[in-house]
2 protein chains.
Amino acid sequence: MRISGLVERTGVPLATVKYYLREGLLPPGRAVGAKLSLYGEEHVRRLALIRALRDTANLPLARVRTIVALIDEPADDLLESLGRAVAALPPAVADDRQGPYPRAEGVAREIGPAIDPGSTAMAQLEDALAAAESVGLGISAERARLYAQHLRAMAEFDIAQVPTGDRGRAIEYSVLGTAIYEPVIAAMRRLAHQDVARSARDDAGDR
Amino acid sequence: MRISGLVERTGVPLATVKYYLREGLLPPGRAVGAKLSLYGEEHVRRLALIRALRDTANLPLARVRTIVALIDEPADDLLESLGRAVAALPPAVADDRQGPYPRAEGVAREIGPAIDPGSTAMAQLEDALAAAESVGLGISAERARLYAQHLRAMAEFDIAQVPTGDRGRAIEYSVLGTAIYEPVIAAMRRLAHQDVARSARDDAGDR
DNA sequence: CTACTCTGGATAGTACAGGTATCCAACACT
DNA sequence: AGTGTTGGATACCTGTACTATCCAGAGTAG
């Protein structure tokens, strides 16, 4: 398929496709002579991925680039790849940032024993907890424990679903699952709040 | 306190404080004569809130403005305020957007019966599910059910914690809790994935 | 073979967000 | 009286993500 086909299949404007090619987000097509390149299904999929990460997961293109690079050239180790993908997700963390993370450490203990205390997600959690505290909504031990239990149960399901065998597939699945499912969970949580609040109001109204 | 005190207390640069005043994110101080205004603790808190929503929850200032407006002038109804706050949270949804939401409706049924099928969060969920599907990670019925159960349990706890009595406080708490806790949950989920994956690897290594 | 279309590649321009910097005249403190 | 701060206005700057043009060579239809 030529570049015009890519435009037709994905709905992404030509100028934007060229821009993604220039920026290295989309790999070049197979060159056929000096003035023609052909593109395949992998380019269609890649464009869908870029748009999904940009529009739905709200990632700046620089971070999308990091993530597609991880999928194209995965680290040997699944955990290593996942760690780097998480580091590419917002909110950004300074490169030289390091602990201690007084708020995050207590919460991490509720989640489980195998957490790397130096990982990016610890810094992200610390910042998120500090922000909550700064507006007067610090996390209680009770809430931390409850959230940890439920999120760990969901994580266990997620990890059990990771396809085993093909290492590349496993990495792609994990990296994408982390980024793409966060908005799903956020939206489901918002709906759950709505449901609980409306149910409570309706019960009160019935009384 | 004068404007310089505000700068000192919050660490936000003077030019930026002036910018927030211009943009109506920060209410003006109490004018004392033509060339001096005084600011209070509420201004310090408001600045912390703006920075938390901007940096941690990753909201553009236009959405921060919507949220602070909801806190300053809450709707009569808690549910109404919450709905508007959720609509201000990313990802953005077109104003004229309406159902049906084929993917979201199935998932919403797992969460509970009292969900408004026309709410913004339904559109957000639909888009997030469509994005997941477009990269080959469509949600399974099993995953939807499991996520729904855990998120509803967390939501029940959240709603139970909302301070009753003072309506303004309840709205502030709910609106902020929705926005400020999403990054906390995302970070905890990332840590839970890490913990589960590392535990599994360590078990395999011990064998 | 000619006319038209499409292509890759380069370059420039646009739109918006979110500041940052400067200038000024009117006060306030010392 | 002199110095410093303030509110207010305006201009400017940086980064992100495109969007638009232009060009010359290649393919393609009649």
Side-chain angles (χ1 to χ4, degrees), chain A residues 1-40 43 46-68 88-92 94, chain B residues 1-40 43 46-68 88-92 94:
Chain A
M1 155 186 17
R2 354 226 293 197
I3 201 168
S4 51
L6 217 45
V7 168
E8 215 172 292
R9 286 277 303 277
T10 61
V12 177
L14 173 63
T16 306
V17 174
K18 283 183 166 193
Y19 171 71
Y20 290 164
L21 284 166
R22 265 201 314 282
E23 294 294 309
L25 289 163
L26 192 63
R30 187 167 46 85
V32 177
K35 277 284 170 185
L36 193 60
S37 298
L38 295 181
Y39 304 85
H43 292 92
R46 173 57 54 89
L47 270 173
L49 173 58
I50 294 168
R51 299 301 260 197
L53 290 175
R54 196 204 59 149
D55 297 334
T56 307
N58 220 358
L59 300 190
L61 293 189
R63 282 155 198 281
V64 174
R65 190 184 295 116
T66 306
I67 290 182
V68 299
L89 263 30
Chain B
M1 157 185 15
R2 357 223 301 193
I3 201 169
S4 51
L6 218 43
V7 168
E8 215 173 294
R9 286 278 302 276
T10 61
V12 178
L14 172 64
T16 306
V17 173
K18 284 183 166 190
Y19 172 69
Y20 290 162
L21 284 166
R22 263 203 312 285
E23 294 294 308
L25 290 163
L26 192 62
R30 185 167 49 85
V32 176
K35 277 285 169 184
L36 192 60
S37 299
L38 295 181
Y39 304 86
H43 292 91
R46 174 57 53 89
L47 270 173
L49 173 58
I50 294 168
R51 299 302 260 197
L53 290 175
R54 195 202 61 150
D55 297 334
T56 307
N58 220 359
L59 300 190
L61 292 188
R63 284 156 196 281
V64 174
R65 189 183 297 115
T66 307
I67 290 183
V68 299
L89 262 31

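Atoms considered below: every heavy atom in the structure, side chains included; atoms not considered: hydrogens, waters and symmetry mates. Throughout, a chain's letter reflects where its sequence line sits, starting with A, and its residues are numbered from 1.
- A/Val32 is listed as a side-chain neighbour of A/Arg30, based on a closest heavy-atom distance under 4.5 Å.
- To the nearest 0.5 angstrom, A/Met1 atom CE is 9.0 Å from A/Leu38 atom CG.
- As a whole-Å value, the separation of B/Leu59 CG from C/dA17 P is 15 Å.
- For DNA chain D, the neighbouring residues in residues 1-10 of chain B, judged by any heavy atom under 4.0 Å, are B/Arg2, B/Ile3, B/Ser4.
- Between B/Leu14 atom CG and D/dG4 atom P there is a gap of 17 Å when expressed in whole angstrom units.
- In terms of phosphate contacts, B/Ser37 brings no side-chain nitrogen or oxygen within less than 4.0 Å of OP1 or OP2 of D/dT6.
- OP1 or OP2 of D/dG7 sits under 4.0 Å from a side-chain N or O of B/Tyr39.
- Along DNA chain D, the nucleotide closest to A/Tyr19 and the one closest to A/Leu36 are compared, and the more 5′ of them pairs with A/Tyr19.
- Under a 3.5 Å cut-off, the side chain of A/His43 and the backbone N or O of A/Pro27 do form a donor-acceptor pair.
- Comparing B/Ala34 and B/Arg51 by the nucleotide of DNA chain C whose heavy atom lies nearest to each, the residue mapping closer to the 5' end is B/Arg51.
- Rounded to an integer number of Å, the gap from B/Leu38 CG to D/dT5 P is 16 Å.
- Picking from D/dT19, D/dT6, D/dA17 the nucleotide with the shortest atom distance to the side chain of B/Lys35 gives D/dT6.
- If you check distances only, the side chain of A/Lys18 does reach the base of C/dG9 with a donor-acceptor pair under 3.5 Å.
- Between A/Val12 and A/Arg51 the shortest side-chain heavy-atom distance falls below 4.5 Å.
- Distance alone, capped at 3.5 Å, is enough to place a donor-acceptor pair between the A/Arg63 side chain and the A/Ala88 backbone.
- Going from atom CG of A/Leu59 over to atom CG of B/Asn58 covers 9.5 Å, rounded to the nearest 0.5 Å.
- Two residues are said to be in side-chain contact when any heavy atoms from C-beta on lie closer than 4.5 Å; A/Leu26 and A/Leu47 meet this criterion.
- When the C1' atom of C/dC16 is taken as reference, atom CG of B/Leu61 falls 12 Å away, rounded to whole Å.
- Interface residues of residues 20-30 of chain A facing DNA chain D, ordered by number: A/Tyr20, A/Arg22; criterion, heavy-atom separation under 4.0 Å.
- Note that CG of B/Leu21 is 5.0 Å distant from OH of B/Tyr39, once rounded to the nearest 0.5 Å.
- Residue A/Arg65 contributes atom CZ, which lies 15 Å from atom P of D/dG15 at whole-angstrom precision.
- Between A/Glu23 and A/Leu61, the closest side-chain pair of non-hydrogen atoms is not below 4.5 Å.
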